[in-house]
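Heads up: the structure comes next, in structure tokens.
These numbers come from a predicted model, not from an experiment.
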Amino acid sequence: MDEKEKNEEKKDEIEEIVAEKKPEENKEKKTAKRILIIIIILLLLFCCVYLIVTVVQKQAQTPPEETTGVATTAASDTDEELADNPIDFASLQEGNDEIYAWLKIDDTNVDYPIVQSATNDEFYLKHKAEDKSWSASGAVYTELTNSKDFSDPITVIYGHNGYSDTMFTTLHYFEEQDFFDSHEYFYIYLPNRKLTYQVISAFKYDDRHIMNSFNFGSEAILEGFQEMLQNPTSSSKNVRTDLDVEITTDSKIVILSTCITNQKSSRYLVNGVLVKDEKTN
């Protein structure tokens, strides 16, 4: 056998060996791929489980105030600081169950219960609030057109002038600029509430019945009336421009109305806007 034949024979042997090894190599490659796929799947499963466990742990560690908003709100309401209420409404209403509020203005004699007759708007013109007995000086009162929770856009409270310094006579202190400037607020107490009003203006007005003369259900009429209270045309007036709140159609305004001595066709008005509504003890 010559050299050439020998080489060819060796070549055939090598090819046979290679051919025998290829199926084994292919088998090993397939096995390796399967193992790699299994590893990837296991890694993905591990990541998913890790994420789920992390989220559950975070939720379990969330502070109570973050997850129980309603309870926290209720607790904060309970902890709300209460204003003082010096009025013993229970005792007052034993004498007259139509007493429903109390009006106080510092450094005046205006410190009276507020009443409203259930049947006759003119009753308290000549009757006491305390026991409904007859009295020329009457009482401080509102009329049936106004609610008794001061939720109306305009509430008018009436009181007599000229009976010494009783009822609304000392409202006329607001005619003096110094007094007006130094007395910004008046207060109305209800059972469990204290309402603070900032005095917008005080001025002489005509004798029209305010609640019957204006339809405050009309936004345009209400806005016009509010503008008049802030910019009265009266020659006798005091006006406060730096108010604590902006006056809007949602504002709650109280008008204190009384007569002017020897001027039957005129009224003196002190006007305040609600700036604070507090719960009381």
Checking [X] now: which residues fulfil side chain to side chain contact (heavy atoms under 4.5 Å, CB included) with it, not counting sequence neighbours?
X      : value
Asp178 : none
Lys252 : Leu274
Val275 : Tyr185, Thr196, Gln198, Asp244, Val245, Val273
Lys204 : Ser234, Ser236, Ile260, Gln263, Ser266

Sequence-distant partners of [X], ring-ring contact (aromatic ring centres under 6.0 Å, His included), two or more places apart:
X      : result
Phe123 : His127
Tyr124 : none
Phe168 : none
Phe186 : Tyr197

Exercise for the section: Please name all residues satisfying side chain to side chain donor-acceptor pair (under 3.5 Å) with Glu246, sequence neighbours left out, ordered by chain then number. Expected result: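 Residues passing side chain to side chain donor-acceptor pair (under 3.5 Å) with Glu246: none at all.
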Problem - Residues in side chain to side chain donor-acceptor pair (under 3.5 Å) contact with His172, at least two apart in sequence or another chain - result: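 Here the qualifying residues are Asn161, Glu175.
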Problem - Contact list for residues 225-265, test ring pair (Phe, Tyr, Trp, His ring centres under 6.0 Å), sequence neighbours left out - result: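 Applying ring pair (Phe, Tyr, Trp, His ring centres under 6.0 Å) to every pair that reaches into residues 225-265, excluding sequence neighbours, yields Phe214-Phe225, Phe216-Phe225.
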Practice task
Sort and list the pairs that fulfil ring pair (Phe, Tyr, Trp, His ring centres under 6.0 Å) and have at least one residue in residues 228-258, not counting sequence neighbours.
Solution key: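 Found none.
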